[in-house]
Student: 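The structure is given below, and queries will be raised subsequently.
So that the names make sense, note that chain A is the first sequence line, chain B the second, and so on, each numbered from 1.
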There are 2 protein chains.
Amino acid sequence: MAATTAMASSGSSNRIEAQPLYVKARNIMVNRLIAGEWRPGQLLPSEFSIADDLGVSQGTVRKAMDDMTAQGLLVRKQGRGTYVAEAEDNSILFRFYRLTPDDSDATTDKAEFPESDYLAQSQGQATKQEQDIFLLSSEDMVWRFERLRSDPLGPILWERLVLPARQFPDFTPTTRLPNNVYQFYSSRYGIIVAKVNEKLRAVTAPQNVSQLLGLPDQAPVLEIDRRAVALNDQVVEWRISLCRSDRLHYRNELK
Amino acid sequence: MAATTAMASSGSSNRIEAQPLYVKARNIMVNRLIAGEWRPGQLLPSEFSIADDLGVSQGTVRKAMDDMTAQGLLVRKQGRGTYVAEAEDNSILFRFYRLTPDDSDATTDKAEFPESDYLAQSQGQATKQEQDIFLLSSEDMVWRFERLRSDPLGPILWERLVLPARQFPDFTPTTRLPNNVYQFYSSRYGIIVAKVNEKLRAVTAPQNVSQLLGLPDQAPVLEIDRRAVALNDQVVEWRISLCRSDRLHYRNELK
DNA sequence: AAGTGGTCTAGACCACTGC
DNA sequence: CAGTGGTCTAGACCACTTT
């Protein structure tokens, strides 16, 4: 079977396609993730079996999988096999959620994920900005959510969340998002969020927000403009959060 | 020579030290970096030569070096060899400097590194907080700097920078820090900054800072509390910056 | 016992650099 | 041309999980 599915050899003959085999193997596998052929949580075939399938050695498949594992797309379990990562695997807390109580000890870092109160929810035509962000046309629809999120000590942030309606076909005006949205996108729609781009600013809270958060008028808040990018490079979520930073902060580790 | 320097085999005999050879090899090499035996910019021995030295195969050394390269400690140059990374190699801009003009296109992202005006500079005994941060005793001294940093359009941030005096023995009250401090630590003292921990908050600018930055009174600014951690896990720099965020933002890509 | 990923080795060949 | 890192393969053995 290697005859039909084998990838071009990297041997001396082939000047075009100067791409290592393990990169091609990786691309093929990533495309299977994008296509939904391999879904989050699924057990993949063994390395040897994929190697046969692609017509390369097991070591080459391993290198490709090493990359994908490092990127958080796959999860290996010794003795059992390799699985497509689910949003839970990456411990969402440390991956995409950076707001931390000031007194937290990092050791006693409990998985306190904030609860949500829905202030508004509607479907509407994409604005110019939303068209740019999601690559939509002016007739396309988006879902918009406004939420107030709180931890046990009280409200911590206000946020507006926008989703392209096309990707979430079964939403209704009363559909609520679970607290861990990326887990939801992954398990329900097979959408794998590969990365998130954020822009942070210090701004003065609008009056309604400072009231909701219980802050004095004109209080400074942290504005986080976040765009979640799926494996196929499409933006699947746009979110603007206004966070109180009097008892929380945004932590970042740069390596 | 493998007889004396060889690392314990991972074979069946040895239950203690359940550590893969490549991890041991990595640790040995990292320790050479910490000890200053290998200095930034230096050309390392070839993989085969190190493999002989450590009594392992070249593939094992390669795997250890792969890790270190991924971590930004080493830089490979095909056909020439492997070098200890210098701060310039990692393109400091993208690694540790996250402030970006709002209009920047990422494509036209010029390496505009802000200039510094020194407002104050002094040596003094470490405060309680500084003792905690740098693991110093009460008699130990620190250097403190206050700077105003500007890009071509004007001032963008005020910052206070603290260094443990012991690590910078030849400083004088008029020693200035170059713009790229991590490059300076690396080339002059062999100090390799492995990572940086930051805490971000939105705060109201103190009056003197808002004046220096040309902002209205009570303007919100982004406070960045940063600790730079060296390879040996010691904090070597503490910095608090107050950044205008009306025409700049802090960009972050989470993967 | 069988199957999986994890480690380690050895050897081949390629691409690039510098002499 | 020799030396380096980069890729690819094949095979051995280990550690872990499941049957």
Student: For A:Arg62, which residues count as a salt bridge (Lys or Arg N to Asp or Glu O under 4.0 Å) partner, sequence neighbours excluded?
Tutor: A:Glu47
Student: D:dG3 P sits how many Å from B:Leu43 CG, rounded?
Tutor: 15 Å
Student: Using OP1 and OP2 only, check whether a side-chain N or O of B:Ser46 sits under 4.0 Å from D:dG3.
Tutor: no
Student: If the cut-off is 4.0 Å, is A:Ser57 near the phosphate of D:dC8, judged by side-chain N/O to OP1 or OP2?
Tutor: no
Student: Measure from NZ on A:Lys63 to P on D:dT9 and round the result to the nearest Å.
Tutor: 12 Å
Student: In whole angstrom, what separates A:Arg76's CZ from C:dG6's C1'?
Tutor: 9 Å
Student: Can you tell me the distance, in whole Å, between the CD1 atom of A:Ile50 and the P atom of C:dT4?
Tutor: 11 Å
Student: In whole Å, I'd like the distance from the CG atom of B:Asp67 to the C1' atom of C:dG6.
Tutor: 14 Å
Student: Indicate whether any N or O donor in one side chain lies under 3.5 Å from an N or O acceptor in the other, for A:Asn197 and B:Arg251.
Tutor: no
Student: Check this one for me: any side-chain N or O of A:Tyr22 less than 4.0 Å away from OP1 or OP2 of D:dC8?
Tutor: no
Student: Please report the distance, rounded to the nearest Å, between CZ in A:Phe48 and P in C:dG6.
Tutor: 12 Å
Student: In Å and rounded to the nearest 0.5 Å, what is the OG1 to OH distance from B:Thr100 to B:Tyr250?
Tutor: 10.0 Å
Student: In whole Å, I'd like the distance from the CG atom of A:Leu74 to the P atom of C:dT4.
Tutor: 16 Å
Student: Please work out whether the ring planes of A:Phe171 and A:Phe145 are parallel, tilted or perpendicular, with thresholds of 30° and 60°.
Tutor: perpendicular
Student: Under 3.5 Å, which donor-acceptor pairs do the side chains of residues 65-75 of chain B form with other protein atoms, sequence neighbours left out?
Tutor:
residue	atom	partner	partner atom	Å
B:Asp66	OD1	B:Arg76	NH2	2.5
B:Thr69	OG1	B:Met65	O	2.7
B:Gln71	OE1	B:Arg26	NH2	2.3

Student: For nucleotides 16-19 of chain D, which of its nitrogen or oxygen atoms have a protein nitrogen or oxygen under 3.5 Å away, and what is each distance?
Tutor:
residue	atom	partner	partner atom	Å
D:dC16	O4'	A:Gln78	OE1	2.9

Student: Give the rounded distance in Å between these two atoms: CZ of A:Arg26 and P of D:dT7.
Tutor: 14 Å
Student: Taking only side-chain nitrogens and oxygens of A:Thr60, does any of them come within less than 4.0 Å of OP1 or OP2 of D:dT7?
Tutor: no
Student: Quick one: does any side-chain atom of A:Asn31 pair with a main-chain N or O of A:Asn27 as donor and acceptor, under 3.5 Å?
Tutor: yes
Student: Checking B:Glu237 against B:Tyr182 for the side chain to side chain donor-acceptor pair (under 3.5 Å) test, could you report, in this order, the C-alpha distance in whole Å, the side-chain angles of both residues, the deciding distance, and whether it holds?
Tutor: CA-CA 10 Å; B:Glu237 179 201 278; B:Tyr182 298 138; 2.9 Å; yes
